[in-house]
Amino acid sequence: MEKKVVFSGVQPSGGLTIGNYIGAIKNFVDLQEKYNCYYCIVDLHAITVPQIPKDLRKNTLEVLAIYLASGLDPEKCTLFIQSHVDAHVELTWVLNSISYMGQLNRMTQFKEKSKKSEENLNAALFTYPVLMAADILLYQTEFVPVGEDQKQHLELARDLAERFNNRYSETFKIPEPLIQKFGARIMSLQNPENKMSKSDENENSYILILDKPDVIRRKIKRAVTDSIGEVKYNDEQLGIKNLMNIYSVFSGDSIDVIENRYEGLGYGKFKEDVAEVVISGLAPIQKRYDDLMKNKDYLEKVYRQGAEKANYAAIKTLRKVYRKVGFIQR
Ligand code: AMP
Ligand code: TRP
């Protein structure tokens, strides 16, 4: 039997956080064993906000190296760069023709990002979710592992697939989101009501996968907590709850075990230990990352082969779509 398809993507917009790692990349690694996985570096998505070209190139390779360093194996899954497979843009155009302005206008990520860049509100930011739908639908994807923040975009992808299928006959598989119960939303260390994001102005609010041990210690020490003083998992103590989630993911210990371990010990000791667990969890990834970045030829080989495989699968779907909408075969 053919393996089911998994697709996901990460933007190369500089410095991935442990939120990206926990919410997305860590799960990618588990899924590659069982499914036919496509993991993309979505550079086309990245230019919806202004980018410096040389940084975009560097960040794109950086995400690839982080994928590999985290344990993604190009023998088991397809790793590629979005702009290397033309069909993503081509399908986007067709899907744009069945996308309603009203629905795109309701996307929370668009609303948030457009508030931030009012003078530079570009059309690509508006159709961003349509490109994301094209990414997913091209591969006849069954499952899409993402963090909680992407749920609404997934819903749109499902709507577009259904709409197309109804209008032109069965073409796309309807994808399902795969959202972890745990760690789907890692919060800002400075304001635990917001998600941890690399675009935050305050550097202390996030930990990067590539942060050095001292930086990690400092950021966790400064993490906002509360005056209750007990390591307990609840919604009155969002900062502590978030640190417990992080601790649990990196150590493998359950929340109960963590609560018991820190009973009566206060936040100082707890924070020190969170930092150490994160540091030792990231150390092997950072080591492999450094080695990989020294081997650009290898990275090039991986993304070239990935694009070839992805292209093959994507073109099959695109050809069908072009035929169904009435384009004459070339
Ligand atoms: P992005 O950096 O926006 O391309 O996100 C890449 C992946 O990481 C997506 O699946 C996001 O849902 C996920 N992600 C980003 N930030 C977080 C976070 N703070 N907690 C959990 N998942 C996240
Ligand atoms: N929009 C996603 C994010 O910001 C990234 C992304 C682009 C994606 N295309 C995708 C995720 C397809 C899953 C599937 O996180």
Side-chain angles (χ1 to χ4, degrees), residues 5-29 31 37-49 51 56 59-60 62-63 66-67 70 78 80-83 85 88-89 91-92 95 107-110 112-113 124-125 127-139 141-158 160-161 175-200 205-209 238 241-243 245-246 249 310 314:
V5 175
V6 164
F7 185 99
S8 197
V10 172
Q11 295 193 62
S13 35
L16 299 192
T17 69
I18 59 169
N20 296 125
Y21 179 70
I22 298 171
I25 298 170
K26 194 168 170 290
N27 312 320
F28 296 179
V29 178
L31 292 164
C37 299
Y38 293 87
Y39 297 126
C40 186
I41 303 153
V42 293
D43 53 351
L44 298 168
H45 276 99
I47 61 163
T48 56
V49 296
Q51 298 285 341
L56 180 58
N59 292 335
T60 301
E62 194 178 301
V63 176
I66 287 179
Y67 273 173
S70 303
T78 307
F80 72 105
I81 298 169
Q82 190 183 28
S83 63
V85 179
H88 291 247
V89 175
L91 180 60
T92 301
L95 293 180
M107 295 289 131
T108 31
Q109 185 173 305
F110 172 70
E112 275 168 22
K113 286 198 178 172
L125 195 59
T127 56
Y128 173 115
V130 184
L131 175 59
M132 177 162 163
D135 296 343
I136 296 167
L137 301 180
L138 273 176
Y139 298 90
T141 301
E142 190 101 21
F143 299 118
V144 185
V146 280
E148 181 78 35
D149 61 330
Q150 296 301 314
K151 210 170 156 183
Q152 198 186 23
H153 290 161
L154 240 301
E155 212 40 64
L156 178 83
R158 290 167 57 88
L160 291 177
E176 302 269 348
L178 265 192
I179 299 174
Q180 297 285 107
K181 277 204 207 88
F182 210 69
R185 214 169 140 79
I186 297 297
M187 309 311 280
S188 154
L189 298 180
Q190 290 298 313
N191 181 357
E193 297 196 353
N194 295 341
K195 77 160 185 173
M196 180 182 285
S197 162
K198 59 200 167 201
S199 57
D200 204 306
S205 70
Y206 53 77
I207 295 174
L208 298 176
I209 297 176
L238 289 176
K241 180 177 175 185
N242 190 39
L243 290 176
N245 280 334
I246 294 171
V249 170

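When a ligand or atom number is given, it counts from 1 through the structure's own listing order.
Checked against a 3.5 angstrom limit, the closest N/O atoms of Glu148 and ligand 1 fall outside it. Residue Ser8 has no N or O atom closer than 3.5 Å to an N or O atom of ligand 2. Taking any N or O of His153, backbone or side chain, none lies under 3.5 Å from an N or O belonging to ligand 2. Looking at ligand 2, you'll find an N or O of Asp135 within less than 3.5 Å of one of its N or O atoms. For a threshold of 3.5 Å applied to N or O pairs, the pair formed by Met196 and ligand 1 contains at least one separation below that value. Ligand 1 has no N or O atom lying under 3.5 Å from any N or O atom of Met187, backbone or side chain.
In summary, the side chains of Asp43 and Ser83 do present a donor paired with an acceptor at a separation below 3.5 Å, with no hydrogens or angles considered. No side-chain donor from either of Asp149 and Gln109 sits under 3.5 Å from a side-chain acceptor of the other.
Considering only non-hydrogen protein atoms, atom 12 (O) of ligand 1 sits nearest to Asp149 OD1, 2.5 Å. Regarding atom 4 (O) of ligand 1, its nearest protein heavy-atom neighbour is Gln11 N, 2.9 Å. Closest to atom 8 (O) of ligand 1, if we only count protein heavy atoms, is Asn20 ND2, 3.1 Å. Looking only at protein heavy atoms, the nearest one to atom 1 (N) of ligand 2 is Tyr128 OH, 2.7 Å. Annotation: atom 22 (N) of ligand 1 to nearest protein heavy atom, Gly19 O, 3.3 Å. Closest protein heavy atom to atom 5 (C) of ligand 2: Gly9 O, 3.6 Å. Among protein heavy atoms, atom 12 (C) of ligand 2 sits closest to Phe7 CE2, 3.5 Å. Given atom 19 (N) of ligand 1, the protein heavy atom at minimum distance is Ile186 O, 2.7 Å. Of the protein's non-hydrogen atoms, the one nearest atom 7 (C) of ligand 1 is Ala24 CB, 3.6 Å. The protein heavy-atom contact nearest to atom 15 (O) of ligand 2 is Gln150 NE2, 3.3 Å. In this structure, the protein non-hydrogen atom closest to atom 21 (C) of ligand 1 is Ala184 O, 3.0 Å. Regarding atom 9 (C) of ligand 1, its nearest protein heavy-atom neighbour is Gly147 N, 4.0 Å.
Taking the six-membered ring for Trp and thresholds of 30 and 60 degrees, Tyr139 and Phe7 have nearly parallel ring planes, at less than 30 degrees apart.
For the pair Phe110/Tyr128, no side-chain contact is recorded, criterion being any heavy-atom separation below 4.5 Å from C-beta on.
Atom numbering of ligand 1 starts at 1 in the shown order; those under 4.0 Å from a heavy atom of Gln150 are 12 (O).
Contacts between Arg185 and ligand 1, counted as non-hydrogen atom pairs separated by less than 4.0 Å, involve the backbone only. By the criterion of a heavy-atom distance under 4.0 Å, the side chain of Ile136, and not its backbone, is placed next to ligand 2. No part of Asp149 comes within 4.0 Å of ligand 2, judged by heavy-atom distances.
Qualifying salt bridge (Lys or Arg N to Asp or Glu O under 4.0 Å) partners for Lys26, counting only residues two or more places apart in sequence or in other chains: none.
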